[in-house]
Undergrad: 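This is the structure, below, for whatever I ask next.
Below, chains carry the letters A, B, ... as their sequence lines are ordered, and counting in each starts from 1.
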Amino acid sequence: MASAGMEPQASGTRRNFAPWADANARPLLRIEDVSRRFGPIVAVDTLSLDIYEREFFALLGPSGCGKTTLLRMLAGFEAPDEGRILLGGEDIAPVPPHRRPVNMMFQSYALFPHLSVEGNIAFGLRQENLSKEEIAARVAEILTLVKLDGFGPRRPDQLSGGQRQRVALARSLVKRPRVLLLDEPLAALDKKLRAETQFELMELQRKLGTTFIVVTHDQEEAMILAHRIGVMDHGRLVQVAPPAEIYERPNSRWVADFIGDVNLLEGRMSDAGVIENTPAGRLRVADAAGAKFGDTVSVALRPEKIHLAPAASAGAPDNNATGTVWDIGYLGDMSIYKVKLDSGFVMKAAVANVARGTNPPVSLGDKVSLTWARESGVVLTK
Amino acid sequence: MSATGKRPLGARLIVWVPYLWLALFFLVPLAIVLKISLSQNALAQPPYLPVFDISAGWQGAREFFGALSFETYTLLFSDSLYFFSYLKSLEIAGLATLILLLIGFPIAYGIARSPRRVQPILFLLVILPFWTSFLIRIYAWINILQRDGLLNDVLLALGVIAQPVVWLSTDTAIYIGLVYSYLPFMVLPIYATLEKMDEALLEAAADLGCPRAKAFWLVTLPIARPGVVAGALLCFIPMVGEFVIPDLLGGSQTAMIGQTLWVEFFSNKDWPVAAAITVVLLCLLVVPIVLYEHLQKRALEGAR
């Protein structure tokens with residue numbers, strides 16, 4: 001595979017699926033230089049993106065980044081001011097929403113309150129002039145798929161939040177769309193239910209093979225669900241990559257900071273792979289990411305990649321910072337240590353709570369040293 | 001019983017206040033009207049017989065009940081005047097409700113779909129006429145509709161008509177008066193249901209392959225149905241018994257039941273017949289509503 005070098009192993013072991021890395025693969029959906037403005041606000045700014053058959057794609061970004069506008073353009077509720085959207089090679093701009101082979105699951109679910117669960121699910125099929133028998137069969141089939149057998153005659157207001165979410169999902173899937181759009185599909189569920197539903201959603205997508213595009217502001221959700229994540233900010237795609245690559249190789253300070261927890265250490269590039277004058281002293285990195293001598297760069301360091309130990313009298317000169325424990329956040333499975341370095345900079349280090357017990361190895365006010373491998377630091381120039 | 005028994009006395013009493021109110025100001029007067037309708041006309045004070053006399057004791061009560069009869073009802077059903085009066089009232093109220101629906105629904109829809117900040121203003125415009133006396137507004141319509149009134153002046157000036165049209169004292173004038181006066185009662189309940197409707201529902205309908213025009217019939221209208229029913233009942237019921245509008249704007253040849261009632265009560269001084277007209281009218285209105293409620297409940301339970 002052409003991309004073997006580029007792809008971190010984590011995503012490779014999860015699924016052997018990477019059509020975006022295949023130069024011969026034809027995208028199912030092609031977004032070409034699409035812009036959408038609302039008055040002076042540019043919601044989507046000359047955005048281009050290819051999405052492939054069977055792909056689970058997540059658009060991730062803070063609220064107001066334009067991800068929902070992009071989704072609504074795919075559904076046909078908004079028209080691009082510029083650019084083209086091609087589905088299977090055809091421009092879908094002139095196709096009204098009710099003729100697009102695309103269905104959407106709405107954030108509010110938008111279930112018809114006057115119809116039963118069956119009525120809601122059958123609504124789309126009834127527009128296709130199918131026979132009564134076929135509609136009944138397909139409704140029954142999809143109800144089984146979303147584990148709502150026997151709920152057909154109920155009304156939406158007689159269902160729990162999780163059940164309503166399944167009805168909305170079933171209703172948008174029953175028409176067998178080429179692309180399913182999901183607008184914050186799990187946002188209304190409580191945490192425990194959300195975690196369960198995430199896995200069900202993945203399983204469903206694998207089983208059906210439909211292309212899913214999910215919009216979310218929840219990075220954890222995007223990481224779990226998607227083959228690839230498109231990180232959006234101010235109407236632009238900042239980075240498009242598999243979750244592990246986004247996490248381990250963010251391409252900018254913004255992405256590094258937005259996805260997960262990170263320490264950003266600014267300094268000046270000196271020798272090959274050496275960064276001087278950072279708040280944590282001199283750093284060595286394995287990959288300089290093309291930064292030249294004298295460039296001001298940031299080194300992104302994930303808290304879980306830092307090793308924390310009681311301060312030793314002497315240590316390595318590089319990738320070694322000493323400080324005092326400032327704060328400890330106990331999360332159960334791990335603890336986040338905030339360490340105030342001698343330079344005054346506060347660094348976060350995550351320590352897995354491997355041993356069972358209430359006595360932490362290090363407590364508040366202790367002198368500690370932080371060390372990490374050369375491969376852990378990611379040099380960011382943007 | 002056990003559940004209410006645990007509640008403090010005040011809480012138990014407060015539950016009975018509305019019932020007490022209804023009993024005192026609805027059931028008791030209704031019983032009196034019912035009793036009068038079963039009495040006979042008499043030149044007396046009060047102008048009917050028998051009169052219940054508690055001092056006559058047990059014997060008196062038996063005589064009292066023996067004297068009650070359905071004579072007035074027999075009269076009501078044998079004279080076609082009453083039958084046609086009821087029919088005319090139902091016809092006018094029914095058609096006026098339909099016109100109100102056709103005018104009121106688009107207005108309510110328009111308000112509900114307009115930007116949030118102009119909604120209160122539009123809303124105010126609908127209820128603003130209520131700030132003037134109802135009677136004054138109806139008299140104003142006499143002015144507009146009379147032979148040399150505003151309407152004829154405008155139509156003549158525009159060349160739509162060559163001769164002044166007789167508006168006043170026609171059924172048309174009654175319809176104009178009814179539709180004008182009852183419009184807010186149609187608009188407000190429909191607006192209330194449409195305003196709560198999630199606009200994403202229409203997008204969902206479109207997304208599922210339903211064109212916009214069709215979505216109106218499949219989504220908007222069914223969701224607005226409770227408002228439509230409430231508005232229709234709110235207009236239809238008082239319009240059937242309406243007296244002022246047909247009396248002031250309608251002609252003498254159109255006798256709605258309200259006018260017939262007025263004539264029986266004040267001109268003929270026949271309280272028993274007037275009371276019987278009321279009781280029959282009440283049955284005419286209550287029975288369909290109870291039936292509708294019953295069907296509605298059955299439909300809801302059937303859906304479960």
Undergrad: Please classify the contact of A/L111 with chain B as side chain, backbone, both or neither, using a heavy-atom distance under 4.5 Å.
TA: backbone
Undergrad: Tell me if the CZ atom of A/F38 is crowded by more than 12 foreign heavy atoms within 6.0 Å.
TA: yes
Undergrad: Can you tell me how far apart NZ (B/K214) and CZ (A/R126) are? Round to the nearest 0.5 Å.
TA: 10.5 Å
Undergrad: Does B/D207 reach the main-chain N or O of A/M104 with its side chain, forming a donor-acceptor pair under 3.5 Å?
TA: yes
Undergrad: Is there a side-chain contact between A/F112 and B/L208 (heavy atoms, below 4.5 Å)?
TA: yes
Undergrad: Please examine the side chains of A/P113 and B/L201, heavy atoms only from C-beta on, and report whether any two atoms are closer than 4.5 Å.
TA: yes
Undergrad: Looking only at heavy atoms, what is the nearest atom pair of A/Q127 and B/G209, with distance?
TA: CB-O, 3.5 Å
Undergrad: Mind checking whether A/F123 and B/L218 have side chains closer than 4.5 Å, heavy atoms only?
TA: yes
Undergrad: What do you reckon, is CZ of B/R137 surrounded by more than 12 foreign heavy atoms closer than 6.0 Å?
TA: yes
Undergrad: Could you name the residues of residues 59-83 of chain A that have a heavy atom within less than 4.5 Å of a heavy atom in chain B?
TA: A/R72, A/A75, A/F77
Undergrad: Take a 6.0 Å sphere around CG of B/L22 and say whether it holds more than 12 heavy atoms from other residues, nucleotides or ligands.
TA: yes
Undergrad: Most heavy-atom pairs under 4.5 angstrom with chain B, which of A/E128, A/R100, A/E118, A/H114?
TA: A/H114
Undergrad: Checking heavy atoms, do the side chain of B/A215, its backbone, both or neither come under 4.5 Å from chain A?
TA: neither
Undergrad: Under 4.5 Å, heavy atom to heavy atom, which residues of residues 159-177 of chain A contact chain B?
TA: A/R171, A/K175
Undergrad: Taking atom CD of B/E199 and atom OG of A/S108, what is their separation to the nearest 0.5 Å?
TA: 11.5 Å
Undergrad: When heavy-atom pairs shorter than 4.5 Å are enumerated against chain A, which of B/C210, B/A205, B/P222 gives the highest number?
TA: B/C210
